[in-house]
Protein chains: 2
Amino acid sequence: MAEKVTSLQVAERAGVSQSAVSRVFTPGASASKKTVEKVRKAAEELGYRPNVLARAMVSGKSRIIGLVVAYLDNYFYPEALEILSNELQEKGYHVLVFMASQTAGNIDTVVEEILDYQVDGIVTASVALSSDISQRCQAAGVPVVHFNRVQEGAGVSYVTSDNFAGGKELAEFLIDGGHQRIAYIAGWEGASTQRDREAGFRKGLQQAGRDLFAREVGNFQTETARDAARRMFDVPVERRPDAVFVANDHMAFAVMDELRFGLGLKVPEDVSVVGFDDAPPASWRAYDLTTMRQRANLMVAETVDALLSHIETPASATPKQSAIHAPLILRGSARVPEGWANDKGTT
Amino acid sequence: MAEKVTSLQVAERAGVSQSAVSRVFTPGASASKKTVEKVRKAAEELGYRPNVLARAMVSGKSRIIGLVVAYLDNYFYPEALEILSNELQEKGYHVLVFMASQTAGNIDTVVEEILDYQVDGIVTASVALSSDISQRCQAAGVPVVHFNRVQEGAGVSYVTSDNFAGGKELAEFLIDGGHQRIAYIAGWEGASTQRDREAGFRKGLQQAGRDLFAREVGNFQTETARDAARRMFDVPVERRPDAVFVANDHMAFAVMDELRFGLGLKVPEDVSVVGFDDAPPASWRAYDLTTMRQRANLMVAETVDALLSHIETPASATPKQSAIHAPLILRGSARVPEGWANDKGTT
DNA sequence: TTGAAAGCGCTAACAG
DNA sequence: CTGTTAGCGCTTTCAA
């Protein structure tokens, strides 16, 4: 069997030095046409391919991006992961996955492990880093960008939707729809997405002289959200909200199920439900959820941008903090007021 | 800023040789209590952690597992990925993701790229390898295990559900339920899962002296499945199936939506629908899909097992080919015949 | 443009 | 048990 073919073997076969071979396979290097030809031929015959790890050792660039993610059952994340991986692959990078589920302190451990791989950059999704560990990355010269989370601190890069504006628009939409008892089911209170969406939502209500009619916490989890819905809606009709903003789609699905099948309510006739993310199932007709679209492709593009500019031009790179506009996607889970239409032609 | 701390620096500070430091951080190595202590202390103070890449170079073990996956929108895969990553992480390995979506020949390219990283093993999901590339892995001494796909060829490892038995049980279940016009919506015909599920299903029908009433191809894709459903069900009532097995849950969701919202049919009153995978949304009440559960945790455990035994004992390791029993999960999308009950207490 | 030589940070014999 | 000595496969000066 073939086993590893080294550049030295290729060199011998091509009748050139080992460094010549290296040059041929190094993007910005110089070699005569003749050499290139000989080397390529020999390499082909031997089935030679450069060892990325060896290259990483000497060049200091591993072309590996570490991804820290806590869960994949919010289907916004698999979607983003797929796009991210594809995009990076195109630029010659690859994604090393680190699940940060389990324990709490666990996540610091995980980042240490990432660093051990000499990754060129880190993107975090659905998790927050301790400032301690953030500094460790900084010290190691490894850029970090937070995906879908605002992270405090100087020099931190992150990419999110404009959650505040999104929450606000949702409030206006619901008010315009003639809803009188508008409620909110919150996500995990430690998350910036939760915080900003709620703040925006409250702001929108307040501007119309309204207040939240009810509020429960769903923690971004299916079961907890279901319980929240029950507490909120299993009450006498006069205390029952006629509209609810659920902080993300993942919870909204569970809430809709509970409303319809647990409590026998009709959506949107009895209650309007709106979510946030536009996770793929939101467009499934069983849910047909009106929601704010987080544009995964745009968000990922910005993330990759920020990452690569830090990696490839560490000097001039400045921390990037973007909040991408999230368009409202009108579907059937909420009454649509006169004069509202989709921002763009969409499902 | 700290920058890289090397074992040499630790050695100097601890007053020992560099190799002593290495030993302290190498699992199966020997060092006196005193040395260990001194080294650990120095390392701690300096914030030293071994460079995995350098270790990989000399040891030949990168502790990286390459994962090739084509898509993540069948939600069985994110679930599996999460489990896989967690399980490997526990054993000191990590997952490097390679999306093999785009082009067709693309997948060979992708595997080449994987090999460049000197991965210790490869798991493929939702893709097939050309025998060419399979051999290249073999030659490179990199074990491959196919997840959720049977792959022909000697010495190939794979882990699947018992798709044939599952298909067969579904046929029996539907027949027992008194269904008269039983149809099938196929997945991508190149997939072993598709092939085996259909074969089993047909076998079950045949044993009862029955035949498929209708068949369409959904290709494992949402839109295609929806079209298939329309072709199959948008017909005069006497030509309309009263039960359909959709080759996987991902398609089944689209089919159910089309039946209910596109054609105004009732599930299961007008049509019973069953799927395969028990992807998480199958238990969402909007679908409440009767399906065969692919036990992701078991499948992953077997995969990891096979992989690690090949990596850690290349000599004694024999190709593992397992077909794990898939239990029938009874829910509300299909009439339940007398005498049928869930294999296990489940949702 | 090319080859020789010096490492990247680490593990693994090999003596002691 | 410990230090010394070779490299792993590659990129990168440095002279030629």
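We name chains A, B, ... by the order of the sequence lines, and we start the count at 1 in each one.
B:E113 has no carboxylate O lying under 4.0 Å from a charged side-chain N of A:R49, or vice versa, which leaves the two without a salt bridge.
Looking at the side chain of A:R23, the nearest of the listed nucleotides D:dT13, D:dT11, C:dA13 is D:dT13. Nearest to the side chain of A:A20, among D:dT4, C:dC8, C:dG3, sits C:dG3.
Taking the six-membered ring where the residue is Trp, A:Y75 and B:Y75 present parallel rings, their angle staying beneath 30° rather than reaching 60°. Between A:F147 and A:F76, the two ring planes are parallel [angle under 30°; tilted spans 30° to 60°].
Rounded to whole Å, atom C1' of D:dC8 lies 13 Å from atom CG of A:L8. In this structure, B:K4 atom NZ and C:dC10 atom P are separated by 11 Å, rounded to whole Å. As a whole-Å value, the separation of A:Q9 CD from D:dC8 C1' is 13 Å. For A:M57 and D:dG7, the CE to P distance is 17 Å, given to the nearest whole Å. Atom CG of A:L53 and atom C1' of C:dT11 are 15 Å apart (whole Å). Per the geometry, CD belonging to B:Q18 stands 15 Å off P belonging to D:dA6, to the nearest Å. In this entry the distance linking CG of A:N51 with P of C:dC8 reads 18 Å, nearest Å. The CZ-P distance, from A:R49 to D:dG9, rounds to 17 Å in whole Å.
In this structure, B:S19 reaches the bases: a heavy-atom distance under 4.0 Å links it to at least one base atom across the strands shown. Within the 4.0 angstrom heavy-atom criterion, base atoms lie near A:S22.
For B:E37, the CD atom counts as loosely surrounded, since its 6.0 Å shell holds 12 or fewer non-hydrogen atoms of other residues, nucleotides or ligands.
The shortest distance between the side-chain N/O atoms of B:T26 and the OP1/OP2 oxygens of C:dT11 is below 4.0 Å. OP1 or OP2 of D:dC10 has at least one side-chain nitrogen or oxygen of A:S7 nearer than 4.0 Å. Phosphate contact (OP1/OP2 of C:dT2, side-chain N/O of A:T35, threshold under 4.0 Å): present. For the pair B:Y48 and C:dC10, the criterion of a side-chain N or O lying under 4.0 Å from OP1 or OP2 is met. The phosphate of D:dC1 has OP1 or OP2 within less than 4.0 Å of a side-chain N or O from B:S30.
Sequence order on DNA chain D of the closest nucleotides to B:S59 and B:K34 puts B:K34 first from the 5' end.
Ring-centre distance between A:Y48 and A:F25: below the 6.0 Å cut-off.
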